[in-house]
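Here the structure comes first, spelled out in structure tokens, and everything after it is commentary.
One is the number of the first residue; the rest follow in order along the sequence. Excluded from the calculations below are hydrogen atoms, water molecules and symmetry mates; all remaining heavy atoms, backbone and side chain alike, are included.
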Amino acid sequence: MDEQIVDVAVVGGGIIGLSAAWRLAERGRSVTVLEKGEAGRGASWAAAGMLSPAAEIGFEELDLYRLGRESLRRWPEFAKQLERASGSSVGYRDDGTLVVAVDRDDTEALRRLYRFQQEQGVPVEWLAGAEALEIEPILAPGLPAAIFSPHDHQVDNRGVVEALLKVLHEVDGGTVRESSKVRAVDGRGDVSVVVMEDGSSVEARVVVLAAGAWSREVGGIEPRLPVRPVKGQILSLRMKEPFELTHVVRGPDAYLVPKADGRLVVGATSEEQGFDTEVTAGGVYRLLEGAVEVVPGIEELELIETSVGFRPASRDHAPLIGWVAPNVMAATGQYRHGILLAPVTADEVALEVDAKLGERSETSEWLTPFLPDRF
Ligand code: GLY
């Protein structure tokens, strides 16, 4: 085989592309990741790192819920392996999540979520407001109810992408090319050709398309992948004594995620504004208002960061993972769940790609509900 031809070119250096590249490199594949900007600095960086399959889906989205739970099950091992390989922490935390209500309507909505979780066999606990305060004393006094979800964890998403980059650069010998924008992919032949914006090209036996919210912009794939950006504004505050928050807290209008480095991440707006990168007064105001409502003590904390990320959303808000051309596999559309879904997506994409390259016959059953041709 021509040495210029890599086994796999991954378009997109976010958590999905990097995780898939890592799993493929582990299997002995030569992998080149092509990232239009700085790897790991898009939605993967802006995210809060919550690993909570039930909190952000509709009750009818059972396939997505199952995929999320399976990925959550795989997360501890994924984190352990990544820490071992990279030598750096990915901040996996299993303190659990408190989903809190602030009024009667929320309490009703919370009860529906609680019933759904019970039907699905998820071990969650219904708490009166006073019981929630015992678990997390910094919550607003007088909240009517909460669900404690001990199995909804979190991870330091920034630590994860940094560890993935380290492993790909130093340990497994993958290549990550930054500032390398892909114009189009021609996946019709035995060897796929990735055409770069500067006119150069990369040849690969298989291409994995993991360009997140930008997946639709990659030419050569027909029909274009139906993925749109959903803007999220998100903030970081600096925690300082006596403020102490251990659990992830989700209120009706904002979530609060404490990080080991002292940041308290408060997110996130959800806006259909295309690729608008502006942080707005209204966005910041609504997030802080939603956060103060459930944890008033944040008023004393310093605001240290505001940012914007673009969730890649498909029409039904479920991911698109599967073959879109003979040698081109999509792994995109993770929407609100990119961090959660990274382990299962990476494992199953690696399985499929290995099968395509002729090493194994096994293919992924997990991906069947998420094939891109469902639209
Ligand atoms: N999963 C967090 C968010 O989409 O805001």
- Query: Would you say the ring centroid of Phe116 lies under 6.0 angstrom from that of Tyr65?
  - Reply: yes

- Message: Measuring centre to centre across the rings, with the benzene-like ring taken for any Trp, is Phe275 within less than 6.0 Å of Trp214?
- Response: yes

- Item | Intermediate values then yes/no, side chain to side chain contact (heavy atoms under 4.5 Å, CB included), Glu125 and Tyr114 | CA-CA 8 Å; Glu125 210 179 322; Tyr114 181 64; 5.9 Å; no

Can you check whether [Y]'s main-chain N or O pairs, donor with acceptor, with [X]'s side chain at less than 3.5 Å?
| X | Y | value |
| --- | --- | --- |
| Thr345 | Leu341 | yes |
| Asp7 | Ser30 | yes |
| Asp152 | Ser52 | no |
| Ser19 | Ile15 | yes |
| Arg69 | Gln120 | yes |
| Gln334 | Ile339 | no |
| Trp75 | Leu340 | yes |
| Glu136 | His247 | yes |
| Glu170 | Val167 | no |
| Glu35 | Gly13 | yes |

Quick test of your reading of the model: are [X] and [Y] salt-bridged, counting only N-O distances below 4.0 Å?
| X | Y | answer |
| --- | --- | --- |
| Asp253 | Arg286 | no |
| Arg23 | Glu348 | no |
| Arg27 | Asp354 | yes |
| Arg158 | Asp156 | no |

- Kindly assign one of parallel, tilted or perpendicular to the pair His151 and His153, based on the angle between their ring planes and the thresholds 30° and 60°. tilted

Determine whether more than 12 heavy atoms belonging to other residues, nucleotides or ligands lie under 6.0 Å from atom [atom1] of [X].
| X | atom1 | result |
| --- | --- | --- |
| Glu244 | CD | no |
| Glu300 | CD | no |
| Glu222 | CD | yes |

Would you say [X] and [Y] make side-chain contact, with heavy atoms under 4.5 Å?
| X | Y | answer |
| --- | --- | --- |
| Lys259 | Ser236 | no |
| Ile298 | Leu264 | yes |
| Val279 | Val284 | yes |
| Val100 | Leu139 | yes |
| Asp347 | Val349 | no |
| Glu352 | Met329 | yes |
| Glu26 | Leu24 | no |
| Tyr92 | Pro76 | yes |

Show which side-chain atoms of residues 181-195 pair as donor or acceptor with protein atoms under 3.5 Å away, not counting sequence neighbours.
unit_1	atom_1	unit_2	atom_2	d
Arg183	NH2	Glu197	O	2.9
Asp186	OD1	Arg188	N	3.1
Asp186	OD1	Arg188	NE	3.0
Asp186	OD2	Arg188	NH2	2.8

- Query: Under the criterion side chain to side chain contact (heavy atoms under 4.5 Å, CB included), which of Ile135, Val99, Ile147 is the partner of Leu127?
  - Reply: Ile135

- Test Glu77 against every option in Arg73, Gln81, Arg74 by the side chain to side chain contact (heavy atoms under 4.5 Å, CB included) rule and name the one that passes. Gln81

- Query: side-chain contact (heavy atoms from CB on, under 4.5 Å) with Ala268: which residues, sequence neighbours excluded?
  - Reply: Ile234, Tyr255, Arg311

- Hits for side-chain contact (heavy atoms from CB on, under 4.5 Å) against Arg228, two or more places apart or cross-chain, chain-then-number order -> Val230, Glu272, Ala313, His317

- Message: Side chains of Glu278 and Gln233: any donor to acceptor distance under 3.5 Å?
- Response: no

Atom of [X], atom of [Y] and distance for their closest heavy-atom approach:
| X | Y | result |
| --- | --- | --- |
| Leu287 | Val266 | O-CG1, 3.9 Å |
| Leu110 | Ala145 | CD2-O, 3.8 Å |
| Ala20 | Ala346 | N-CB, 3.6 Å |
| Ala39 | Glu178 | N-OE2, 2.7 Å |

Spacing of [X] atom [atom1] and [Y] atom [atom2] [to the nearest 0.5 Å]:
| X | Y | atom1 | atom2 | answer |
| --- | --- | --- | --- | --- |
| Leu143 | Leu133 | CG | CG | 7.0 Å |
| Leu98 | Glu131 | CG | CD | 11.5 Å |
| Leu367 | Leu320 | CG | CG | 11.5 Å |
| Lys166 | Leu164 | NZ | CG | 12.0 Å |
| Ser71 | Leu51 | OG | CG | 8.5 Å |
| Lys356 | Trp323 | NZ | CH2 | 5.0 Å |

- Item | Worked verdict on Arg93 versus Thr246 for side-chain hydrogen bond (donor to acceptor under 3.5 Å, both in side chains) | CA-CA 10 Å; Arg93 286 178 64 167; Thr246 310; 5.5 Å; no

- Message: side chain to side chain contact (heavy atoms under 4.5 Å, CB included), that's the test. Do Arg216 and Thr332 meet it? Break it down for me.
- Response: CA-CA 10 Å; Arg216 189 189 182 91; Thr332 185; over 6 Å; no

- Query: Given Met50 and Val257, is the side chain to side chain contact (heavy atoms under 4.5 Å, CB included) satisfied, shown in steps?
  - Reply: CA-CA 8 Å; Met50 291 176 294; Val257 187; 3.7 Å; yes

- Message: side chain to side chain contact (heavy atoms under 4.5 Å, CB included) for Val33 and Arg177? Distances and angles first, verdict last.
- Response: CA-CA 6 Å; Val33 178; Arg177 283 174 47 181; over 6 Å; no

- Is the Lys NZ or Arg CZ of Arg111 less than 6.0 Å from the centre of Trp126's six-membered ring, within 45° of the axis? yes

